[in-house]
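Given the structure is predicted, the values throughout are model-derived calculations rather than measurements.
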Amino acid sequence: MTDTSTITSDIVIVGGGIAGLAMAARLAQRTAFTITVLDGDRTPEMPDEALQLRTTSLNSAALTLLEEAGVMAHLPARFLTDFNRLEAGSRNAPDALSFSAEDIDLARFGVFVENDRLRAALWQTLASLTQVTLISDARLSSFHHHDDHVDGLLEDGRALHTRLIIGADGARSQVRHLAGISSQQRDYAQEAMIINVRLTGSPGHTTWQIFTPSGPVALLPLHDRQASLIWYDRPGQIQKRMSMSDDTLRAAIIEAFPTRLGQIDTIIERGRFPIRRLHAQRYAGKRVVLIGDAAHVIHPMAGQGINLGLADVASLADALEHESDPGNDQALSRYQRRQWPRNAAMLTGVEQLHHLFTLPFAPLRTLAERGLRGADRMGPVKRFMMSLATGQPLTTGKGPADHDTSS
């Protein structure tokens with residue numbers, strides 16, 4: 001039966017992932033706007049004790065944002081793993097580039113946390129706020145913007161009336177499509193295989209990445225002697241490893257990963273996802289704005305996907321905090337001028353790193369390894385790269401500041 005009711009709210013956020021829910025939490029903390037979140041999936045529940053497949057890193061800036069919004073109170077400390085050291089290199093020089101949080105007077109760079117656990121904590125935080133309405137299994141079908149509001153329609157027939165739509169609905173964003181915002185996209189012809197394991201010893205508090213011609217291999221340390229191994233390669237190779245027995249996969253890991261990994265006690269779970277790059281031509285239109293993966297998708301080797309999305313959240317909330325009208329063109333333009341160039345610089349830098357270390361010509365890869373060692377000896381370079389790990393602002397050139405947000 002078609003629902004003919006109307007959802008009315010100052011701001012409607014389309015997408016109930018981490019970025020969309022964090023956006024609602026930040027706006028509720030900083031503004032008096034009424035907020036509705038439309039999530040295409042069912043209501044998330046807090047996972048049990050079992051390790052979830054997907055894990056993300058939260059830098060110190062992201063942690064601060066979540067702590068201020070009260071989200072971390074819903075995440076027991078035992079599920080958070082601090083990391084205080086980052087290392088990158090090759091098989092021949094595994095720690096050619098290394099960063100310590102102590103070098104910039106921090107106790108840690110951030111924490112690793114399971115995506116599903118973080119999303120459930122965000123939902124629990126918002127469920128207690130009268131200012132926020134959460135609607136599951138709701139998908140946007142269309143919208144039309146007017147001078148002072150936006151009218152929309154959901155797939156189930158419900159109508160929508162709001163002053164601003166925030167698209168937080170992922171890489172295949174319906175909001176971006178309906179707003180007519182184009183994007184530059186690229187398929188790296190690679191996939192990432194996630195292998196959750198339990199080790200015989202503690203993985204420690206260092207996250208590391210080894211570059212190989214077929215793509216990096218990396219370790220994210222987790223709680224209870226667990227770790228998430230990330231293995232990048234061509235889709236055909238990933239498919240073969242996905243079908244291996246645990247014993248065969250364990251042998252393949254031992255051969256491909258550095259000895260510092262240690263012994264694997266148990267292979268818990270495995271999964272795969274494609275590697276793509278996406279950047280929206282602009283982030284704002286008339287009474288519509290994009291955040292998170294709806295605006296940009298970065299190569300995951302940098303571990304910055306969620307952090308970039310939460311930086312969008314902070315920036316957009318800052319732009320709207322003192323506005324009486326959340327759809328104000330000038331406020332949306334301020335957000336775009338701030339975030340588009342920063343994200344563009346990060347996407348470009350990570351893409352160049354990917355190309356550099358997957359070069360087919362061995363002598364050029366050797367030069368790249370030497371470049372890592374050189375960067376490790378240069379104090380200003382290290383400090384700059386560590387500032388990225390902690391979520392400090394990126395110094396960039398010009399972005400699409402002249403794009404008209406009223407189109």
Do L332 and V288 touch side chain to side chain, with heavy atoms closer than 4.5 Å?
-> no

CA sep, side-chain torsions, deciding dist, call: D156, D137, side chain to side chain contact (heavy atoms under 4.5 Å, CB included) = CA-CA 9 Å; D156 62 10; D137 295 313; over 6 Å; no

Identify the two heavy atoms, one from A331 and one from L320, that lie closest to each other, and give their separation to 0.1 Å.
-> CB-CD2, 4.0 Å

Basic-acidic side-chain contact under 4.0 Å: R334, E323 = yes

Keeping the roles fixed (side chain from D233, backbone from I238), state whether a donor-acceptor pair exists under 3.5 Å.
-> no

d(N307 CG, T56 OG1) to nearest 0.5 Å is 6.5 Å

Does any non-hydrogen side-chain atom of L134 lie less than 4.5 Å from one of L21?
-> yes

Where D82 and R108 come nearest, the two heavy atoms and their spacing = OD1-NH1, 2.8 Å

R26 bridged to E68 by N-O distance under 4.0 Å | yes

Straight-line distance of W208 CH2 to L261 CG, nearest 0.5 Å = 5.0 Å

For D169 and Q174, test the side chains for any donor-to-acceptor distance below 3.5 angstrom and give the result as yes or no.
-> no

Could you pull out the closest heavy-atom pair between I13 and A24, with the gap in Å?
-> CD1-N, 3.5 Å

Report yes or no: is the cationic atom of R287 (NZ for Lys, CZ for Arg) under 6.0 Å from the centre of the six-membered ring of F143, at an angle within 45° of the ring normal?
-> no

Taking C-beta and beyond as the side chain, do L51 and H223 meet within less than 4.5 Å on heavy atoms?
-> yes

Nearest-0.5 Å distance, CG of residue L178 to OG of residue S141 | 7.5 Å

Would you say the side-chain atoms of T266 pair up with the backbone N or O of I268, donor to acceptor, closer than 3.5 Å?
-> no

Side-chain contact test, heavy atoms from C-beta onward, threshold under 4.5 Å: evaluate it for N115 versus L53 and give yes or no.
-> no

Would you sort out whether T81 and T55 count as a side chain to side chain contact (heavy atoms under 4.5 Å, CB included), showing the intermediate values?
-> CA-CA 11 Å; T81 303; T55 298; over 6 Å; no

Answer whether the closest heavy-atom distance between the side chains of R158 and L38 falls below 4.5 Å.
-> no

For the pair Q336 (side chain) and A284 (backbone), establish whether a donor and an acceptor sit closer than 3.5 Å, ignoring hydrogens and angles.
-> yes

Distance-only, no hydrogens or angles: does the N84 side chain make a donor-acceptor pair with backbone N or O of E102 under 3.5 Å?
-> no

Tightest non-hydrogen contact, residues P221 and G204, listed as CB-O, 3.3 Å

Calculate, to the nearest 0.5 Å, the distance between atoms CE and CD belonging to M72 and E67 respectively.
-> 6.0 Å

Charged N-O contact under 4.0 Å between R241 and E191 | no

Take atom CD in E321; do more than 12 heavy atoms of anything else shown fall under 6.0 Å from it?
-> yes

If you measure from the Lys or Arg side-chain nitrogens to the Asp or Glu carboxylate oxygens, is any gap between R30 and D318 under 4.0 Å?
-> yes

Side chain of D41, backbone of G16: donor and acceptor closer than 3.5 Å?
-> no

Lys/Arg-Asp/Glu bridge criterion (N-O < 4.0 Å) met for D39, R119 = yes

Would you say the side-chain atoms of T31 pair up with the backbone N or O of A28, donor to acceptor, closer than 3.5 Å?
-> no

Steps toward salt bridge (charged side-chain N to carboxylate O under 4.0 Å, His left out) verdict (K286, D147) | CA-CA 8 Å; K286 188 172 185 177; D147 288 341; 3.0 Å; yes

Report the distance from atom NE2 of H145 to atom OG1 of T162, rounding to the nearest 0.5 Å.
-> 13.5 Å

Polar side-chain atom of T207 near backbone of L219 as donor-acceptor pair, under 3.5 Å = yes

Where do Q131 and I35 land on the side chain to side chain contact (heavy atoms under 4.5 Å, CB included) test, with the steps shown first?
-> CA-CA 6 Å; Q131 187 179 346; I35 304 153; 4.2 Å; yes

Nearest non-hydrogen partners of A317 and L27, listed with the distance = CA-CD2, 4.2 Å

Consider only side-chain N and O atoms of T212 and S214, and report whether a donor and an acceptor are under 3.5 Å apart.
-> yes

Could you tell me the separation between the CG atom of D293 and the CG atom of L308, rounded to the nearest 0.5 Å?
-> 9.5 Å

Does the side chain of I194 reach to within under 4.5 Å of the side chain of S228, using non-hydrogen atoms?
-> yes

With side chain to side chain contact (heavy atoms under 4.5 Å, CB included) as the test, would you mind laying out the steps for L278 and R176 before giving the verdict?
-> CA-CA 12 Å; L278 177 149; R176 189 180 67 236; 3.7 Å; yes

Taking the inter-plane angle between the rings of Y283 and Y335 on a 0 to 90° scale, is it parallel (under 30°), tilted (30 to 60°) or perpendicular (over 60°)?
-> tilted

State, yes or no, whether a side-chain contact exists between I291 and V313 at a heavy-atom distance under 4.5 Å.
-> yes

Under the ring-ring contact (aromatic ring centres under 6.0 Å, His included) rule, what do W340 and H296 come out as? Steps first, then yes or no, please.
-> CA-CA 9 Å; W340 196 98; H296 46 76; over 10 Å; no

Q185 side chain reached by R277 side chain, heavy atoms, under 4.5 Å | no

Any donor and acceptor pair, going by atom type alone, linking the side chain of S9 with main-chain N or O of T36 inside 3.5 Å?
-> yes

Is there a salt bridge (charged side-chain N to carboxylate O under 4.0 Å, His left out) between D246 and R270 once you walk through the steps?
-> CA-CA 10 Å; D246 284 355; R270 65 186 84 175; 2.6 Å; yes

Using modelled atom types only, decide if a donor and an acceptor are shared between the side chain of N196 and the backbone of Q226 within a distance under 3.5 Å.
-> no

Examine the side chains of D151 and H149 and answer whether a donor and an acceptor come within less than 3.5 Å of each other.
-> yes

Checking R139 side chain against G40 main chain: does a donor-acceptor pair fall under 3.5 Å?
-> yes

Between S324 and F33, the two heavy atoms sitting closest are O-CE2, 3.6 Å

